[in-house]
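Numbers here simply count residues along the sequence, with the first being 1.
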Amino acid sequence: YSAVKEVIKMLQVRNEKIVIQQADHDKIKKMIYQIGEIQNRFPATEYQMDNERIDVIWRRTEKSVPSFAFEVHISGNIYKTLIKLKHVPDLWNAIPVLVTTEDQIAEAKRWIEGSFHEIKDVFRIVKWQDVAQVYESKQKVKEFERELGII
């Protein structure tokens with residue numbers, strides 16, 4: 001029964017239409033998850049990493065280690081979020097991605113180019129609005145493919 005419940009929950013998350021007007025941590029996580037589904041990247045949320053959890057990861061195969069790790073940071077201590085992402089390349093040789101607000105990008109870049117300089121070439125920083133835009137585009141393509149009957 002619990003396995004069936006988990007499958008139903010996964011299908012609900014996969015097919016839920018997300019509308020976002022302002023930065024919302026949970027909605028952004030769902031968007032990243034759904035983009036991963038569309039890209040066939042085997043996404044997972046709240047992925048365990050040592051004593052921490054990564055918001056969203058994408059894997060190349062179902063049983064592989066993460067290839068991308070996403071942390072959504074809207075407010076609070078950005079240093080703590082960056083510390084978590086710093087371990088991603090070491091543990092999994094994966095790409096760490098910080099999804100944040102435009103006003104926090106400069107601070108994140110200062111930390112990455114300073115204290116985290118050894119991973120600055122693999123680190124990615126994106127605005128949450130860009131994630132929302134990609135999500136909407138992917139959803140439109142998915143709907144069009146459904147109309148054509150190719151998915």
Report task. Give, for atom CD of Glu143 and atom CG of Leu148, the distance between the pair rounded to the nearest 0.5 Å. Result -> 12.0 Å

Query raised in the report: Is there a path of hydrophobic side-chain contacts, each under 4.5 Å between heavy atoms of I, L, V, M, F, W or Y residues, that connects Leu98 with Ile95?
Result: no

Query raised in the report: Under 4.5 Å between side-chain heavy atoms, hopping through other hydrophobics if needed: is there a path connecting Leu91 to Trp58?
Result: no

Query raised in the report: Looking at Asp55 and Phe70, what are the two nearest heavy atoms and their distance?
Result: CB-O, 3.3 Å

Report summary line: In short, Pro66 meets Ala94 closest at the heavy-atom pair O-CB, 3.3 Å

Query raised in the report: Which distance, rounded to the nearest 0.5 Å, do you find between the CZ of Phe42 and the NZ of Lys63?
Result: 10.5 Å

Query raised in the report: To the nearest 0.5 Å, how far apart are NZ in Lys80 and CD in Glu71?
Result: 10.0 Å

Query raised in the report: Judged by atom type as modelled, is there a donor-acceptor pair below 3.5 Å linking the side chain of Asp50 to the main-chain atoms of Glu52?
Result: no

Query raised in the report: Take atom CD in Glu46; do more than 12 heavy atoms of anything else shown fall under 6.0 Å from it?
Result: yes

Requested in this report: For the residue pair Gln39 and Phe68, establish whether any side-chain heavy-atom pair is separated by less than 4.5 Å.
Outcome: no

Requested in this report: Using the rule that two of Ile, Leu, Val, Met, Phe, Trp, Tyr join whenever any of their side-chain heavy atoms come within less than 4.5 Å, decide whether Ile38 and Phe144 are in one cluster.
Outcome: no

Report task. Enter the distance from Ile57:CD1 to Gln48:CD here, rounded to the nearest 0.5 Å. Result -> 12.0 Å

Query - Closest non-hydrogen atom pair, Ala132 against Met31 - result: CA-SD, 3.8 Å

Query raised in the report: At what distance, to the nearest 0.5 angstrom, does CG of Asn77 lie from CG of Leu82?
Result: 9.0 Å

Query raised in the report: Got a sec, which pairs hit side chain to side chain donor-acceptor pair (under 3.5 Å) with one end in residues 88-103, sequence neighbours left out?
Result: Thr100-Gln104, Thr101-Asp103

**Report entry** Step-by-step side-chain contact (heavy atoms from CB on, under 4.5 Å) determination, Arg59 to Arg41
**Finding:** CA-CA 5 Å; Arg59 295 176 294 224; Arg41 285 297 183 152; over 6 Å; no

Report task. Could you grab the distance from atom CE of Met49 to atom CD1 of Ile54, nearest 0.5 Å is fine? Result -> 4.0 Å

Query - Minimal non-hydrogen separation, Ile125 against Ala108, with atom names - result: CD1-CB, 3.9 Å

Requested in this report: Using modelled atom types only, decide if a donor and an acceptor are shared between the side chain of Gln139 and the backbone of Val141 within a distance under 3.5 Å.
Outcome: no

Query raised in the report: If Ile, Leu, Val, Met, Phe, Trp and Tyr residues are connected whenever their side-chain heavy atoms lie under 4.5 Å apart, and connections chain through other members, are Ile28 and Val134 in the same group?
Result: yes

Report summary line: Residue pairs passing the salt bridge (charged side-chain N to carboxylate O under 4.0 Å, His left out) test with at least one member in residues 115-132, sequence neighbours excluded, are Lys86-Glu118

Query raised in the report: Looking only at atom types and distance, does a side-chain atom of Trp128 sit under 3.5 Å from a main-chain N or O of Asp24, one as donor and one as acceptor?
Result: no

Query raised in the report: Closest approach of Arg60 and Ser64, non-hydrogen atoms and distance?
Result: N-OG, 3.4 Å

Query raised in the report: Under a 4.5 Å side-chain heavy-atom rule over Ile, Leu, Val, Met, Phe, Trp and Tyr, are Tyr47 and Ile32 clustered together?
Result: no

Query raised in the report: Are Val72 and Val131 close enough, and set up right, to give a side-chain contact (heavy atoms from CB on, under 4.5 Å), and what steps lead you there?
Result: CA-CA 11 Å; Val72 178; Val131 170; over 6 Å; no

Query raised in the report: Would you call Val99 and Val56 a side-chain contact if the rule is heavy atoms closer than 4.5 Å?
Result: no

